[in-house]
Amino acid sequence: MNPHLASELARFDPDPAIPLHALPHHTHHTWARTFHSRPELYIQPHSLAEIQKTVTLARRCRRRIVVVGSGHCPSDITCTSAWMVNLDKYASVLRVNAASGAMLVQAGIRIHDLNLAAKEHGLTVPSLGSIDEQSIAGAIATGTHGSSMRHGLLSQNVLSLRIVLANGAAVRCSPSQNADLFRAALVSLGALGVVVEVEYRMVPHANIHWAQRLVALDEVLSTWNADLWTRHEYTRVWWLPYTKRAVVWTADKTASPPQTLRIESWYAGAVGYRTYHALLWLSHYIPRLLPAVEWFVFGMQYGFKLGGSGGDIEEQRTGLLMNCLYSQFVNEWALPLERGPEAISRLSAWLNHDDAASGIPFPSKGIWVHAPIEVRVSGAPPPPDQRPFLDPSQPVGGTLYLNATLYRPYGLDPPCTQRYYAAFEYLMKELGGRPHWAKNFATVSRADIESMYGADLEKWRGVRAEVDPEGVFVGPWVRRTVIEEDAGRGAPLACEEVEVGRVGRKEGGAQWVGRQGGFERRGSAGSSVESFEHMAGAEAEASGMLESRWEEDVEKRVREGAREGVTGVRVFDKM
């Protein structure tokens, strides 16, 4: 450890008896290896007292804190050269009420482990995103959602939160206690404090019967406003833009035991996985191959004729998951559900090089993209007084999530990324969309976010400024996206980190470097505490001090429940 840093830590340590589980040499990268950074300290607290000590030391040493779990956000939101906190060692189940379905857990618990623990009490998470590797706190903080008109964001099932603020106080919040903090923390973007406990509403454990079939895109659009999204509890669509087809996946709860209903396919395992990866790599150099690749790969997977189907019965906690396959950029937006047919029709025209019909003012010549484009939905919005301030979904009615994924075969960035995402985001903005916070949106400015969220953003900013006036949890992504402009202040907040630059890596992705004022601007150790006004009714408990490496081998990355097939683990049979 840097001797100067060690000296400062010792100087400002409020209680040497409480350990600081910190490593000085750690390399962080996103799951997709899109960004890399080297935090000054990598800290894994084992107790609430350690978390409070970490936050207090960071404030006194003028260091920013970033909390990270699985690193599945492909953007630079988790990058830092300051202090990185991981709560994998703070991940226990604290209390279960099987009758009401409420579970109180430490916030570092991964959703996979939460569901395993819930199963012992006959419970499960009501809705899931594509994966269950995130911590529950991380999934909540970024607006994670599933695909069902009967469910909203995962944060909608949060009953209460406990969060350690920048002054070291552990504060509980809920719809009836510190309501503004609760609404801000439900989609916090990691900028309010360290969420340490989550009380979550579960539902009875169940099996689901899921099925998928290949249909013409016209069938998706013609049934859009009928029963496409309401016939089943869970529905999602994978759109194949060049063949103008789609795979419609549906699922409902069932009393039947788990069983395999599909015909085994030799292609569904490692053969299909590696074939598609190799073809994506080849299309990086010859992009015009992509329509043929789409036809071949998904024809082999789902059949070349319409109507091909398959499905299984399995536990809901695994059946709702899918395999993310390869490193990728992900650009997802939330739109009013009724704008879906227009969005898909116009984007389809553009991708098939009919610029006039698309109404998108970016030339499509030379643009060839990866398939599939994911189409998901959410509904059942919460009451207005419990809605997160930064909820990207629609306050009334259903929300469409359109996801333009671009794979990075063997770490290569697709040549079309910049223009494709500029065109895609132009269309999304025109149709009243909002970007998913955890994804790779490319042309969105602070002004765009201000126009999208209006008064709700101002309320979120007000809460953030109150609970973290010195910017312990503020970094470049937060500043350029959601926090108000510098307003001529001439310097960042006392603990705020600024970006110095990023450098491309020969292995792919970018190396991110940040900087902050640090020791030379540290000021008084007690200034931040004195600047706080505790929120009315806050439960501020004194602490003891104040009182994965990316793995190319698919078999090592598959979701629980995946079956062995002729050519290895079956990961390519459900996208």
Side-chain angles (χ1 to χ4, degrees), residues 100-103 105 111-112 114-115 118-119 122-134 136-161 175 182-183 186-187 198-212 224 227-238 248-254 314-322 332-338 340 374-384 386-388 390-403 434 436-438 574:
S100 69
M103 288 186 67
V105 297
I111 295 177
H112 173 83
L114 170 62
N115 256 335
K119 182 181 177 181
L123 300 171
T124 195
V125 174
S127 181
L128 294 171
S130 300
I131 61 170
D132 62 358
E133 298 165 21
Q134 321 100 307
I136 185 63
I140 292 167
T142 53
T144 299
H145 61 90
S147 189
S148 171
M149 286 297 291
R150 304 181 199 176
H151 302 279
L153 301 184
L154 266 63
S155 61
Q156 194 168 317
N157 294 295
V158 175
L159 300 172
S160 69
L161 294 170
F182 183 68
R183 292 182 64 189
L186 285 177
V187 180
V198 178
E199 185 182 13
Y200 205 78
R201 181 191 299 110
M202 314 294 278
V203 295
H205 179 270
N207 296 329
I208 60 169
H209 178 189
W210 64 264
Q212 57 192 13
W224 190 279
D227 60 354
L228 173 66
W229 302 111
T230 57
R231 189 185 317 163
H232 302 274
E233 181 172 0
Y234 303 97
T235 303
R236 58 189 174 201
V237 172
W238 292 293
V248 178
W249 184 96
T250 59
D252 290 292
K253 292 182 175 64
T254 178
E314 57 181 300
E315 293 179 56
Q316 177 176 311
R317 67 184 183 87
T318 60
L320 293 179
L321 305 177
M322 56 171 276
E332 183 177 50
W333 284 62
L335 303 167
L337 183 61
E338 64 270 16
E374 190 175 47
V375 186
R376 293 189 289 172
V377 296
S378 72
Q386 297 179 28
R387 177 178 167 83
L390 298 185
D391 186 342
S393 63
Q394 296 299 304
V396 178
T399 300
L400 160 68
Y401 293 94
L402 202 57
N403 183 351
R434 295 175 171 180
H436 190 307
W437 294 113
K574 182 175 73 173

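Positions are given from 1, in the same order as the sequence printed here. Predicted model, so just to flag it, every value in this text is computed and none were measured.
For the pair Tyr200 (side chain) and Leu154 (backbone), a donor-acceptor distance under 3.5 Å is present. Side-chain atoms of Trp437 come within 3.5 Å of backbone atoms of Leu390 as a donor-acceptor pair (strictly under, hydrogens ignored). Between the Gln316 side chain and the Ser127 main chain, no donor and acceptor come within less than 3.5 Å of each other.
In terms of heavy atoms, Val158 sits closest to Phe182 at O-CZ, 3.5 Å. Nearest heavy-atom pair across Trp210 and Ala251 is CB-CB, 3.8 Å. Considering all non-hydrogen atoms of both residues, Glu374 and Ser130 come closest at OE2-OG, 4.0 Å. The two residues Met103 and Ala118 come nearest to each other via the heavy atoms SD-CB, 3.6 Å. Residue Gly143 comes nearest to Leu153 through the heavy atom pair O-CD2, 3.5 Å, listed as atom of the first residue, atom of the second, then distance. Closest of all the heavy-atom pairs between Leu400 and Gly340 is CD2-CA, 3.4 Å.
Annotation: side chain to side chain contact (heavy atoms under 4.5 Å, CB included) contacts of Glu233 (sequence neighbours excluded): Ser148, Arg150, His151, Asp252, Lys253. Remark: Arg434 engages Arg387, Pro392, Met452, Tyr453 in a side chain to side chain contact (heavy atoms under 4.5 Å, CB included) (not counting sequence neighbours). His145 pairs by the ring pair (Phe, Tyr, Trp, His ring centres under 6.0 Å) definition with Tyr401, His436, not counting sequence neighbours. Residues satisfying the salt bridge (Lys or Arg N to Asp or Glu O under 4.0 Å) criterion with Arg183, sequence neighbours excluded, are absent altogether. The side chain to side chain contact (heavy atoms under 4.5 Å, CB included) search around Pro381 returns none, not counting sequence neighbours. Under the side chain to side chain contact (heavy atoms under 4.5 Å, CB included) criterion, Thr142 pairs with Cys73, Thr144, Ala438, sequence neighbours left out.
Separating the CD atom in Gln212 from the OG1 atom in Thr235 is a distance of 12.5 Å, to the nearest 0.5 Å. Rounding to the nearest 0.5 Å gives a distance of 11.5 Å between CG of Leu114 and CD of Gln134. Put simply, CG on Leu337 and OG1 on Thr399 are 7.5 Å apart, with the number rounded to the nearest 0.5 Å. A distance of 9.0 Å separates CG of Asn115 from CD of Glu315, quoted to the nearest 0.5 Å. The distance from the CZ atom of Arg236 to the CZ atom of Arg376 is 7.0 Å, given to the nearest 0.5 Å. Of the inter-residue distances, the one linking Gln156 atom CD with Ile140 atom CD1 reads 12.0 Å to the nearest 0.5 angstrom.
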Given Leu161 and Leu186, is the side chain to side chain contact (heavy atoms under 4.5 Å, CB included) satisfied, shown in steps? CA-CA 8 Å; Leu161 294 170; Leu186 285 177; 4.2 Å; yes
Audit row: Trp238, Asn403, side chain to side chain contact (heavy atoms under 4.5 Å, CB included) steps and yes/no: CA-CA 10 Å; Trp238 292 293; Asn403 183 351; over 6 Å; no
Determine whether Val375 and Trp229 satisfy the following criterion, side chain to side chain contact (heavy atoms under 4.5 Å, CB included), listing intermediate values before the conclusion. CA-CA 11 Å; Val375 186; Trp229 302 111; 3.9 Å; yes
